[in-house]
Structure formats: C-alpha cells, structure tokens
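Take a look at the structure set out below.
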Amino acid sequence: MRLLRKPSISRRTLLRGVTAGTSVAIGLPLLEAMLDANGEALAGGEPLPKRFVTWLVSNGFLLDRFEPEQTGADWDLTEQLDPLADVKDYVNLCTGYANHGADAGFVSGHIEGMTVFTGYPYSNAGGFYDAGGPSIDQLVADAIGNTTPVRSLQVAVSKANTFANSGTLGSAISFSGDPGSLVPLPPLSSPKAVWQSLFGIFPGPGAPDGDRVVRTMMLDAVKAQSEDLRGKVGAADRARIDAHLQGVAELNQKISALAPACVLPDEPSLENLEPVGSEQIRLVSESMSELITYALRCDITRVASVMFLGLAGETPYTEIGIASTKHSLSHEAQYNGLALNNLNASIIYEMERFAHFVKSLRDAEDALGANLLDSTIVYASSDCSVGWLHSVSRQPIILVGTGGGYLKYPGIHVQAVPNDPSDPNGLASPYMPTAGNTSDIALACLKAFDPGADGFGGGAAESVDPLPDILA
Amino acid sequence: MAVKQQVKLMVLLALSSCRDEAGHADAETGAAADSSTGTPGTSTTSGDPTAADSGSTGSDTGGEIAVVPAPGGLRRLRADQYIGTVDVLLGGHAAAAASPPPDQSLLGFDSIGGSTVPMSPAMVEQYERSALDIGDAVIEEPYTLAQLVPCVDVGPKDEGCYVQVAQVFGRAAWRRPITVDEDRALVDVARVAREFGGDRFELGLKYQIAMILESPAFLYAAELGEVGDDGRRRLTTDEWVTRTALFVLGRAPSAQTFVRLDAGEFDGPEAPRALAQEWLNQSAARTAVGGFFDELLRVRDVVDSSKDPTIYPLYSHELSTSMRTESLMLVDDVVFGDGGGDIRRLFDADYTFADPLLAQVYGVTVEGDGFSRIELPAAQDRLGILSHPSLLSVGAHYDRNSPTRRGLFIQRQLLCNDVPPPPPNVDTNLPEPVEQTTLRERLEGHLAQGGACVGCHAQTDPLGFAFEFYDATGVRRELDNGYPIDASGEVDGLGSFVGAAELAVLVRDDPRLAACMVRNLYRHAIGRQEDEGTAELLASLSDRFTAAEFDFPGLIVDLVDNPGFLEITDPQ
C-alpha cells in the first residue's frame with residue numbers, strides 16, 4: 001500500500017531551472033487505466049516498475065560524525081547525514097560492515113573500496129586495475145534493463161579523476177558482463193550529452209522520414225561486419241567485439257523504442273567543461289539529478305549510476321570556498337584543525353548534493369501518485385570509509401527508497417559491529433572493527449530486482465546471504 | 001611469463017612502500033600505472049629461452065636482434081586519429097563535426113587503451129552520432145570527397161555515384177578492399193535513405209557516409225597479418241601502411257596513399273623506411289610528434305586543472321592553454337627545427353616561446369599578440385622544458401607546490417623508474433607543522449623520522465626541490481613562506497645538483513633517458529606494452545638513438561622499419 005501513499009509534496013513542479021528553461025508538462029508514463037484493480041500491477045500482469053541508482057562519492061567520511069549512535073528503528077541523523085533529514089524515513093543505513101575486497105592486502109584503499117559496488121576484489125590486469133566483476137547496477141540492468149528504451153545510464157558530476165590512468169576501475173563505476181570480459185561503462189559528465197543520450201534519441205520534428213529504418217539498416221551492417229571480424233581475431237578481441245555488438249543491440253533498442261508518453265525536457269546548454277577546481281559542481285549535480293529523475297519517471301530507463309566524484313576525491317570544493325582537494329584535506333585533517341573543518345564541510349557539501357538528488361526523486365510523482373522513492377533503491381557508498389588512512393573498514397552504505405516496498409519503511413540503522421570509540425576514524429590503525437560483508441547488503445538489494453539471484457560477487461567478497469535486517 | 005612476473009615482483013619488493021607529503025602520489029600518478037618490467041634495457045633481458053629461438057631477425061636495423069613482436073589484433077582509433085582521418089578523407093568541415101568518444105589511457109598511453117578496452121554502449125552510440133553529424137557536414141560541403149568521387153558534387157547523382165562512393169571512398173576509409181556484399185549493403189542504404197528523403201541524392205549520401213564511418217572497419221585498425229612461408233606473421237601492406245600512418249601522421253592514410261598502394265608502390269622491402277621518411281615531411285607528422293610529447297610529458301593535463309585565484313591571480317584557462325602551446329612549440333622546434341632533431345635540446349634549450357600571457361609568467365615583455373621566441377631570463381635558472389610553466393603547473397596542486405609530484409614525473413615519465421604508489425597501511429601521522437618554515441623543511445622533517453616512506457620519497461622529493469624556486473603556476477619566486485629556498489639535492493642514479501638548470505642537464509645526460517623514450521614511443525606507436533620478446537629490439541633502438549645523437553625523426557624511422565613494427569604474433 002505504500003505505493004499508493006500520497007507524496008509529501010503534491011503536484012510539485014518537478015523540473016525547474018537548469019534543465020527546463022520553460023515550464024514543461026510531463027505526461028505520465030503509466031496510465032492509471034493500465035493498472036490492475038488493486039493498483040499493484042499492470043493490467044497485463046507485469047509487476048510495477050522498480051528503479052535502481054548507484055551513487056559514488058569518493059574518499060570517505062568521518063565516521064565519528066557520520067555513524068549514528070543508535071541502531072534499529074529509532075536512530076538520529078548525525079552531522080554528516082543531516083542533509084537527508086527530509087527523507088530520513090526512506091533511509092536504511094548500514095554501517096560497520098566488512099568490505100572483503102581488501103582482504104588480500106591494500107593497494108590504495110580507493111581501488112579496494114570499489115568492491116562495495118561489485119562484490120569482487122579488484123583485478124590487477126598487468127599494471128593497471130580493473131573491476132573484478134560486474135557492478136550491481138549492471139546486474140540489475142541485466143534483470144530489468146530490457147524493459148525500457150535505455151538499458152542503463154552512467155553519469156559523472158566532477159571530472160576529477162586522477163585514477164583514470166590506473167585502469168578501468170578508476171574511470172567507471174559501472175561494469176557489465178562477466179569477470180574476465182567486463183565492459184567498463186565510463187560516465188558522461190556533460191548534462192547536454194546526457195540529455196542527448198536519454199532524450200535526443202527520439203526523432204524530433206525535423207527528423208527525416210525513415211531515419212529509424214535507415215539507421216537500423218546501418219546497424220545491421222555493423223553487426224554483420226562485426227560478426228565477420230569476430231571470426232578472425234583472438235579471444236581478447238572477440239570479447240571486445242561482443243561488447244561492440246552489445247552496444248549495437250542497445251542502440252537498436254533505443255532507436256526502435258516508441259517516443260515516451262512524456263513531454264521531453266528542454267536540452268540543457270550545460271556541458272561541464274570547466275577544469276577541475278572551477279567546475280560548477282552544484283549546477284551540474286542538480287542538472288544530472290533532474291535528468292535522471294526525468295528519465296526514471298518517464299520510464300526511459302530504470303537503472304543509473306552516478307560517479308559524483310572520481311576515486312580518491314581529487315577536487316577542491318571551491319564553490320564553498322575550500323581550496324584544498326578533499327583528498328589533501330583528509331590527509332591533513334589528522335593534525336590540522338582547519339583541514340578537519342574543511343574536510344567535514346566538503347563531506348556535508350557532498351551529502352547535500354546527494355540529498356538534492358533523492359529529494360528530487362521524492363518530489364516526482366509517478367502514475368499512482370506515489371513518489372519515485374517508493375519504487376527506487378538508491379545505493380550510495382564511497383571508495384573508502386575514512387580517507388586519511390584509505391581505510392575500507394566499516395565502509396558505510398546508504399540506501400534510500402524502498403524499491404516498491406521491498407526495503408524497510410521507515411528505514412533503520414543497522415550496524416554490524418560497534419566502532420572503537422577511542423579511534424573512530426582509524427587514525428591509529430586503518431583496520432577498524434568490522435563484521436559481516438558489505439556484499440550481503442548489495443545482494444539484498446539485487447534480489448529486489450532479480451528475485452532469483454542466489455549470490456553477489458566473488459572471491460573473498462562473495463555473498464550468498466542477503467542481509468535480512470533491511471527487508472520490509 | 002613466470003619469469004617476467006618474478007622480475008616484476010622483485011622490483012616491487014625492492015622498492016619500499018611510501019607516500020607523499022600529503023598523500024597525493026597515489027592518485028595523481030595513477031596507482032602503479034606503470035608496473036612494467038622496470039628500466040628498459042636493463043631489467044627486461046629475456047629469461048625465456050624460447051624467446052631468442054623463435055625470434056625473427058632484424059632487417060634493416062643492423063645486427064641480429066631477437067624479436068618476438070607484439071600480438072596483432074584490433075586497435076580502436078584514438079580520438080585524434082579518428083578526427084585526423086575524417087579531416088584528410090572528407091575535409092575540415094566534416095572533421096569539425098566529428099565527435100568521437102574520449103580515449104582511455106592505460107599504462108600512460110591512449111594507444112594502449114585503444115587496443116585493450118572494450119567499447120561501452122554509450123561509445124557505440126557516440127560513434128553513430130558522430131558518423132551522422134559528419135554525414136550532414138559532407139553533404140553541406142562535399143568538395144573534399146568530390147576530389148575523390150566527383151559525381152557527389154557535379155553528378156550524375158544517380159545510383160552509379162553511390163557505387164563509386166562505396167568502392168572508392170569505402171576502400172580508403174576501411175583501409176582494405178570492400179567485398180561485394182558490403183558494396184551492395186552500402187548502396188542499399190543510400191537508395192533507401194534517398195527514397196525516404198523525397199528522392200534527394202544527398203540524403204542517401206549522408207547515410208552512406210555515416211554507415212562507412214560507423215563500421216568496425218573504420219573504427220578499428222585491424223592488424224591481423226598473414227603468415228608467410230617462413231612461419232612469420234607479417235602485417236599486410238594495407239595494415240603496415242595504416243600502422244605507419246597512425247603512428248607517424250597521427251591518422252589513417254589518405255585516399256591517395258591507397259591509390260599508390262594499390263599500384264604496388266609500397267611492395268618492396270625498402271618501402272617502410274621510405275614512407276616513414278616521406279611522411280615526416282608532412283605537417284601532420286609535426287602534429288603527431290607533438291601529440292606524443294603532449295601525452296608523455298602530460299602537457300595536455302595543464303588545461304584540465306585550475307589554480308587558487310587568490311594565490312595565483314595570473315592563472316586562467318587562457319594562460320594554461322598558452323602554457324601547453326609553449327611546450328608544444330618547443331617540441332616542434334627541437335624535433336623539426338634547425339637543431340637537427342636532437343631531443344636533448346628539449347631539456348637544455350635556453351630559449352622558449354611566449355605570448356603576452358606567458359610573458360607575465362616569465363616577467364618579460366613580448367611584441368605583438370602571438371608567440372615570440374624569447375631567451376629564458378638568465379636570473380631565473382630555467383633550462384628546457386622541465387622548467388616550463390606547463391610542467392610546473394601540472395606538477396603542483398591547486399594551492400601549492402608538490403615536490404613529490406614534480407620529482408615523480410621525472411622518475412616515471414623520463415627515466416621509467418616506476419616508483420610505486422604509497423600504500424595506505426602505514427603510519428601517516430605527520431608532525432604538527434611549524435608555521436614558520438618552508439615546504440621543503442616540512443617534508444624533510446617528516447621523512448627524517450624514517451619509516452617506510454623514506455625509500456620512495458628519497459627518489460622523488462629531492463628532484464622536486466630543484467623546482468622550488470617556481471610556484472604552482474611556474475612563476476619564479478625567491479622565498480617560500482617568507483623563508484629562503486634551498487634548491488639543491490642529490491638522488492641516487494642521477495647525482496647532485498643545485499637548482500632546476502643543473503638538474504635538467506643531469507636528466508639530459510642520464511643514459512636511461514634514451515631507453516625510456518624508446519619504450520614510451522613504442523607503447524604509443526603500436527598500442528602494446530613491451531615485453532621480453534621486444535626487449536632486445538628496444539635496446540637496439542635505444543643504442544641507435546643514442547649513437548645518432550638522439551635524432552628523434554631518425555628514431556621514428558627506425559621504429560617503423562623493423563620486424564617489431566612490421567610483424568606481429570597471433571592476434572590477441
């Protein structure tokens with residue numbers, strides 16, 4: 001019944017400002033006539049749509065200002081979680097869990113931290129680092145991505161990414177395919193390009209007749225040529241051609257899709273071209289949030305990932321007057337009070353941007369009058385728990401939204417093991433108290449979309465036990 | 001392979017773990033991006049007894065060289081190669097419409113990413129959009145294509161013209177003859193599009209061009225080779241001419257080149273050398289060489305960074321663009337100017353190029369709005385590209401210098417000494433900083449406490465201290481935090497120095513410089529990482545390069561004209 005609860009702010013204009021220069025009416029993707037009598041499924045028997053979004057904000061938190069003291073249903077937001085106050089009921093917070101991606105030893109902290117998104121330890125691909133397996137958003141897309149014109153979307157906000165040269169694990173947070181033949185899906189950092197990818201694909205008024213027919217013919221030719229080439233190359237390139245063919249298939253899926261029953265948003269002019277340090281983080285973040293909200297609401301895609309900031313947190317948040325990168329601050333914070341304050345402010349700034357996104361989901365109504373947080377799970381984490389020793393112990397995972405009544409509402413704070421109050425940020429040792437497995441949390445989320453999933457990840461980080469505590 | 005991994009492991013173990021003054025080395029240098037087999041020419045000696053036996057024999061490079069070439073396979077064109085190819089085949093208007101997805105750099109080079117990383121669906125889509133945009137541009141300005149296929153401009157604009165486009169343009173764009181089936185598909189698309197477009201010939205042409213550019217035959221350089229009677233797999237003429245063009249010209253060959261190829265002009269054993277030499281005279285070669293150094297020296301990174309305006313009021317995007325131009329102008333002058341191509345001049349040039357913005361950085365004046373050649377101000381102790389504002393800016397943070405970053409750059413990029421990244425599980429407690437001190441004193445004070453960090457930082461930080469007279473934007477300064485600067489230092493393997501100019505001379509004279517540059521040029525040229533099979537080849541090239549007074553154009557020709565470039569092993 002949660003699906004039918006009225007949104008807390010009704011009929012609020014969804015998209016203002018950046019994306020929509022003029023006010024736009026959005027048609028509803030699912031007509032109420034399409035619902036069954038109970039309003040719990042489509043008349044054709046298909047389940048109501050669920051959505052999934054991952055969000056990476058890199059370089060961690062300050063756990064003594066992040067982890068709530070209380071656990072269970074009755075818990076209070078902390079300083080760094082406070083931006084989520086408006087949507088707290090939708091938050092299930094998981095702390096204290098063990099990221100087993102680092103069990104084999106550290107490389108950088110940031111690389112290992114990404115295991116919370118894949119469930120696999122990283123793979124060392126001969127001098128650079130790749131993900132060990134597919135990311136959770138792509139497993140969700142495997143399950144539900146074929147139901148929408150766009151299988152999944154990847155965006156970035158800051159372009160700071162000094163790990164990009166270290167392998168594909170640094171340049172993307174989404175990976176599709178199987179271990180050994182993964183396809184990294186680098187994010188788009190330009191709102192204009194994201195708009196093109198989401199909405200520009202549908203033929204506009206000026207498009208020539210037959211554009212789709214001809215483009216499909218072209219793609220058929222690409223497919224035939226790729227398959228021919230596939231027979232002439234070795235195993236590594238065969239996998240690359242398969243990735244190319246997957247891209248062709250997804251493009252075909254888009255081209256063949258009917259234009260959605262939404263009025264499309266205006267194309268933003270924002271391209272996010274400023275160099276790191278001068279980026280318009282707030283504006284870009286809000287624009288991306290709105291575009292994703294639009295796409296989810298119009299059912300153009302149901303899966304997205306957001307690399308808010310690339311691994312290791314290498315941007316200064318100059319918009320709030322901070323001149324040092326989050327990375328620098330996290331190393332200096334241990335001996336410099338000003339740096340500590342600025343680090344804390346940087347984290348809160350990031351949480352505010354994240355909160356803006358989840359609130360835009362909360363403020364968007366779907367056909368049932370329910371808001372998007374009722375049908376979505378947003379899975380957010382970082383590439384470490386605390387930046388200063390690059391610790392991946394106790395990497396928190398923030399879940400927002402119920403995924404169609406799948407996760408607890410109101411949300412709880414579940415903690416695997418209490419922290420050490422004498423060293424809450426791992427200053428003396430990066431190995432803080434942890435228990436359990438972060439992959440159990442991911443598996444629980446995955447099963448909301450793929451009930452048959454019997455495991456997540458592999459190697460030391462594998463899970464076959466979905467975390468029960470957070471389930472409704 | 002086991003031997004290679006052992007060597008790697010030993011190298012990694014030998015270098016103790018460390019981190020930089022504020023924990024940045026891991027991120028900025030890419031964690032262990034270069035964990036190759038250490039210094040070329042020294043540690044890459046083959047431990048595989050079969051390598052020499054199965055190796056082929058060098059042809060024109062003199063002497064017997066055991067070479068097991070890199071595997072063949074598919075190399076996706078880099079973005080610059082894609083745009084350059086569109087430019088030469090379809091003209092500047094079409095090139096301006098080209099928008100390939102960005103490259104993924106691996107092991108320091110976009111070329112390696114291009115031969116390794118699979119395409120994402122978003123990239124496939126981007127290539128389609130780019131191809132369609134180029135198609136639109138071509139029908140707006142068909143003149144370059146018309147030089148090849150006149151009917152697209154002057155007619156007759158009939159199906160026969162589509163056939164010509166498919167066969168003549170298709171052959172050049174796909175860098176191989178097109179098959180009957182492909183020909184038919186290309187004409188079919190044009191015909192159908194024309195019908196949908198109200199019998200407009202140009203619309204058919206647009207989609208036909210787009211289809212050619214969207215094809216894997218255009219997007220990938222296929223290097224599959226053919227096995228000869230001697231069991232060696234050689235690149236076909238189409239393939240080696242393409243590989244050479246992508247390397248030397250930074251783009252695929254022109255249509256005219258394929259006309260010459262089809263006439264048999266490149267069939268002889270002397271052809272690779274002759275073609276490389278010929279192409280080095282083209283302006284595209286100068287752009288391509290600039291592109292190599294832009295990437296190797298990370299000059300291009302300067303336009304992606306910004307600086308704290310309250311500390312560095314001169315810095316702007318315009319200035320950073322000028323910084324990049326300055327460095328590329330010096331590269332061009334050294335390689336293609338009067339200096340005879342001796343790449344050492346890059347490190348000891350006592351002149352540079354400045355526009356009015358850069359003149360402010362150097363504290364000089366220049367005439368006019370553009371770039372002029374200037375002498376480096378004598379009192380600033382600068383020499384060569386290492387003290388260019390571009391490199392000094394990239395080797396610094398938003399709000400301060402980074403001696404570690406600057407030093408690591410020399411070790412990694414110029415000497416191929418792969419200092420490992422800092423591990424996290426070390427005690428990073430820095431001492432409470434004494435307010436009144438220099439950055440150097442603070443760093444040294446920390447490292448004086450010993451510990452795991454010292455080994456690596458002893459290889460990097462002192463090199464960076466040589467540049468402490470320049471701030472994070474390359475402006476000369478006389479004091480740091482109000483205190484006098486000490487720019488002296490000593491590093492194992494390089495020697496001792498006082499200041500940037502003396503260090504530049506040490507780098508210039510270091511025997512590792514040639515070997516490292518050869519290794520990097522090889523990675524860039526063929527998009528593969530070197531290994532035991534190519535170790536002797538690279539050592540030999542390095543020896544020749546050194547003996548030839550570091551003649552960089554000569555190195556390019558030598559790299560093309562040898563079995564490590566013209567042959568492959570089985571496609572990967």
Side-chain angles (χ1 to χ4, degrees), chain A residues 106-109 111 127-129 151 154 162-168 171 183-186 188 197 208-210 213-214 217-218 221-222 225-226 229 232-234 236-237 239-240 243-244 246-248 250-251 275-278 312 314 316 323-325 327-328 331-332 334-335 388-390 430, chain B residues 22-24 26-28 30-36 71 73-74 104-108 117-125 128 185 188-189 192-193 196-197 203 207 210-211 214-217 222 224 303-308 317 397-399 421 423-425 428-430 432 529 570-572:
Chain A
F106 279 99
V107 170
S108 75
I111 297 284
F128 49 91
Y129 300 101
R151 180 179 174 276
Q154 295 81 39
T162 45
F163 263 86
N165 192 27
S166 306
T168 57
S171 56
V183 181
L185 308 176
L188 298 171
S197 183
D209 288 345
V213 174
V214 179
M217 283 179 76
M218 289 161 57
V222 169
Q225 281 190 313
S226 300
L229 195 55
K232 297 174 181 168
V233 298
D237 280 338
R240 295 173 73 209
H244 195 148
Q246 171 68 20
V248 169
E250 289 189 27
L251 187 50
V276 172
S278 305
E314 286 281 1
S324 291
T325 66
H327 187 114
S328 296
H331 286 297
E332 293 177 20
Q334 49 198 296
Y335 60 85
W388 60 41
L389 284 196
H390 307 189
Chain B
H24 294 84
D26 57 340
E28 119 237 340
D34 288 347
S35 67
S36 61
L74 303 178
Q104 160 85 53
S105 173
L106 283 183
L107 298 165
V117 181
M119 253 196 248
S120 68
M123 292 160 80
V124 173
E125 185 181 330
E128 193 216 28
D188 281 351
V189 158
V192 171
F196 276 118
L203 212 63
Y207 285 97
M211 178 165 158
E214 192 185 5
S215 162
L224 307 176
V303 296
D304 295 329
S305 63
S306 48
K307 301 290 177 187
D308 191 334
H317 188 63
H397 299 297
Y398 182 75
D399 57 350
N425 52 344
T428 60
N429 278 303
L430 283 167
E432 193 68 28
Q529 187 176 9
D570 290 348
Q572 69 169 7

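Side chains are part of it too, since the values below use all heavy atoms of this structure and drop only hydrogens, waters and symmetry mates. Every chain is numbered from 1, with letters handed out A, B, ... down the list of sequences.
The contact between B/Leu74 and chain A is made by backbone and side chain atoms together, counting heavy-atom distances below 4.5 Å. Using a 4.5 Å cut-off between heavy atoms, A/Leu251 touches chain B through its side chain atoms alone.
Among residues two or more places apart in sequence or in another chain, the salt bridge (charged side-chain N to carboxylate O under 4.0 Å, His left out) test is passed with A/Glu250 by A/Arg151. Considering only residues two or more places apart in sequence or on other chains, B/Asp304 meets the salt bridge (charged side-chain N to carboxylate O under 4.0 Å, His left out) condition with none of them.
Using a 4.5 Å heavy-atom cutoff, the side chains of B/Pro571 and A/Lys232 are not in contact. Between B/Ser120 and A/Pro184, every side-chain heavy-atom pair lies at or beyond the 4.5 Å cut-off. A/Leu185 has its side chain within reach of B/Pro121: a pair of non-hydrogen atoms, C-beta onward, lies under 4.5 Å apart.
Heavy-atom minimum distance, A/Met218 versus B/Val189: CG-CG1, 4.2 Å. Contact detail for A/Val222 and B/Pro216: the closest heavy-atom pair is CG1-CD, 3.9 Å.
Put simply, CD on B/Gln572 and CZ on A/Arg240 are 6.5 Å apart, with the number rounded to the nearest 0.5 Å. The distance from the NE2 atom of A/His327 to the NE2 atom of B/His397 is 8.5 Å, given to the nearest 0.5 Å.
When each of B/Glu125, B/Met123, B/Lys307 is scored by its heavy-atom pairs under 4.5 Å with chain A, the top score falls to B/Glu125. Residue with the most contacts toward chain A among B/Pro71, B/Ala185, B/Ser305: B/Ser305 (heavy-atom pairs, distance under 4.5 Å). Among A/Ala323, A/Pro186, A/Ala243, A/Gly277, the residue making the largest number of heavy-atom pairs under 4.5 Å with chain B is A/Ala323. Comparing A/Gln154, A/Gln246, A/His244 by how many heavy-atom pairs each has under 4.5 Å with chain B, the most go to A/His244.
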